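One-based numbering, in listed order, for ligands and for the atoms of each. No experiment lies behind these values; they were computed from the predicted model shown. Heads up: numbering here begins at 1 and tracks the sequence.
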Amino acid sequence: MCGIFGITGHPEAANIAYLGLHALQHRGQESAGIVSSDAGKLHPHRGMGLVTDVFDSGAMARLPGRAAIGHVRYSTAGSSDIRHAQPFSVQYAHGAIAVAHNGNLVNADALRTRLETAGSIFQSTSDTESIIHLLAHSREKDTVDRLTSSLRQLEGAFSLLFLTETKLVAVRDPHGFRPLALGRLKDAFVLASETCAFDLIEAEFIRDLDPGEIVVVDSSGMRSYYPFSGDNVPKRFCVFEHVYFARPDSRVDGQSVYRVRERMGRILAKEHPVDADVVVPVPDSGIAAAIGYARESGIPYDMGLIRSHYVGRTFIEPQQSIRHFGVKLKLNAVREVLEGKRVVVLDDSVVRGTTSRKIVKMIRAAGAREVHVRISSPPSTHPCFYGIDTPTRSELIASSHSVDEIARYLTCDTLGYLSEKGLMAAVSAPESREGYCAACFTGQYPVPFGSASGGKLIRLHADRTERLE
Ligand code: AMP
């Protein structure tokens, strides 16, 4: 997963982009980068690590100009490597261009094979690089036409920002898998994956980009294009943004993430009630849902687990042994809250089960009498191919185990997941899953990828192959 930010028409564009990326840091901690545009030239700076590690005053001084785009990366396609740090920037026949991408293309391998056959030389294994090669191959004269003809060849999830010497262009794929919001900071236009970035820089939120919309900002102002409007592609916003990924102080897809999570907790309390003494969130991801569960059930809410804020997301670390240790690094139990109590512990999702199992043990070790695990989303049964970093299907505990079996593995007294219907009610889509992609819970993938990638084997990560039945 990644976060993207763009600004044009501001004398301190790179500084504002830095702040914007800071607010989007939760969307990717592996690398960060900014490309600014000044006097007909693009100026890039990229590095591995957190935004605060990558940029110092020297680097910021080398990013002049009134326009900039930025990116924070969390590896989904391509391995962890500085060559994959974005925004990518190149010089081609039509001038300089930089691109920042959030999402995952499902036809990346097919595109790459075709482009390499036509002579392209790739410098990374990132799916985003194909977009630049498509632009370079396009015969269209006009920037927007070139973009449109290239974007038409992409399949999957793409929220994109492009920067040229004269234009800032924002794109949301026709399904609208990933968020992208438009705002205003005095005379400048700003774009960000999430509105929490606007709050930090005191920009005004204007609206979300529509699925399939291309926004172009240049010296003649801002205008929109809808080149996919004839395709009748249904909107499929990622429901997992609401479950876990987005920050709760953001509004994504027109809704407060905090309120949606609170509703998930309320519905979960109705679906899986239990006699208990205290509702405890797994911080930070379970907090809003735990508040909802406590309000609906009348059971007091308390902070029985404390999170250290100096460790990254443990999920990212590659080896099982490190991940086990990582949970302890990140969380500790508060004996005074838990001792002798019947505890409801709330988290947003179970992936491999490693974290929840550790947490249950920790809560029991702190003297809890009973531990009831409640998860504010349905069982995670399928990997995401549209930009959320998930392990292969075989590593997802719910892909091969029933809820009872998972409860035994977690060693909890009871386990309750939010139903799919409950999830859709929480995101205000009561009748059906219309409008959302919930493939990670249902296995119903809105964009097919078997054919696009030449068979039923698809490559998710450079080093990870997944077979779908
Ligand atoms: P696991 O130990 O593999 O079951 O991981 C479960 C934890 O990972 C939960 O606390 C979730 O909040 C968190 N989580 C779920 N999905 C992701 C993701 N795509 N990236 C990072 N963390 C995640």
Practice task
Mark up the atoms of ligand 1 that fall under 4.0 Å of a heavy atom belonging to Ile388, in ascending order.
Solution key: 19 (N)
Exercise for the section: Could you say whether the N/O atoms of Phe240 and ligand 1 ever approach to under 3.5 Å? Expected result: no
Exercise for the section: Report yes or no: does Thr390 have a heavy atom closer than 4.0 Å to ligand 1? Expected result: no
Exercise for the section: Run the numbers for me: atoms of ligand 1, each under 4.0 Å from some heavy atom of Asp347, listed by number. Expected result: 9 (C), 10 (O), 12 (O)
Problem - Residue pair Tyr18 / Leu63, side-chain heavy-atom distance below 4.5 Å - result: no
Problem - SB check Glu194 Arg247 (cutoff 4.0 Å) - result: no
Fill in the blank from the handout: Asp389 heavy atoms within 4.0 Å reach ligand 1 at atoms 18 (C), 19 (N)
Fill in the blank from the handout: Restricting to heavy atoms, the pick from Leu331, Asp284, Leu396, Thr355 nearest atom 6 (C) of ligand 1 would be Thr355
Handout entry: Interatomic distance, Phe5 atom CZ to Ile201 atom CD1 [nearest 0.5 angstrom]
Key = 3.5 Å
Exercise for the section: May I ask you to check whether Val351 has an N/O atom sitting below 3.5 Å from an N/O atom of ligand 1? Expected result: yes
Problem - Which of the ligand 1 atoms, numbered from 1, are nearer than 4.0 Å to a heavy atom of Arg352 - result: 1 (P), 3 (O), 4 (O)
Practice task
Quick one: sort the Tyr436 and Phe237 rings into parallel, tilted or perpendicular, breaks at 30° and 60°.
Solution key: perpendicular
Handout entry: Test item, Val282 contacting ligand 1 (heavy atom, 4.0 angstrom)
Key = no
Practice task
Just jot down the ligand 1 atoms closer than 4.0 angstrom to any heavy atom of Tyr74, in number order.
Solution key: 20 (N), 21 (C)
Handout entry: Cationic N near anionic O, under 4.0 Å, Arg342 to Asp413
Key = no
Problem - Where Arg352 and Tyr409 come nearest, the two heavy atoms and their spacing - result: O-CE2, 4.3 Å
Practice task
Run the numbers for me: atoms of ligand 1, each under 4.0 Å from some heavy atom of Ser285, listed by number.
Solution key: 12 (O)
Problem - Phe245 side chain reached by Cys238 side chain, heavy atoms, under 4.5 Å - result: no
Problem - N/O separation below 3.5 Å, Ser356 to ligand 1 - result: no
Exercise for the section: Considering the heavy atoms of Gly353, write down every atom of ligand 1 situated less than 4.0 Å from one of them. Expected result: 1 (P), 3 (O), 4 (O)
Handout entry: Aromatic Phe122 / basic Arg112 pairing, under 6.0 angstrom, 45° off normal
Key = yes
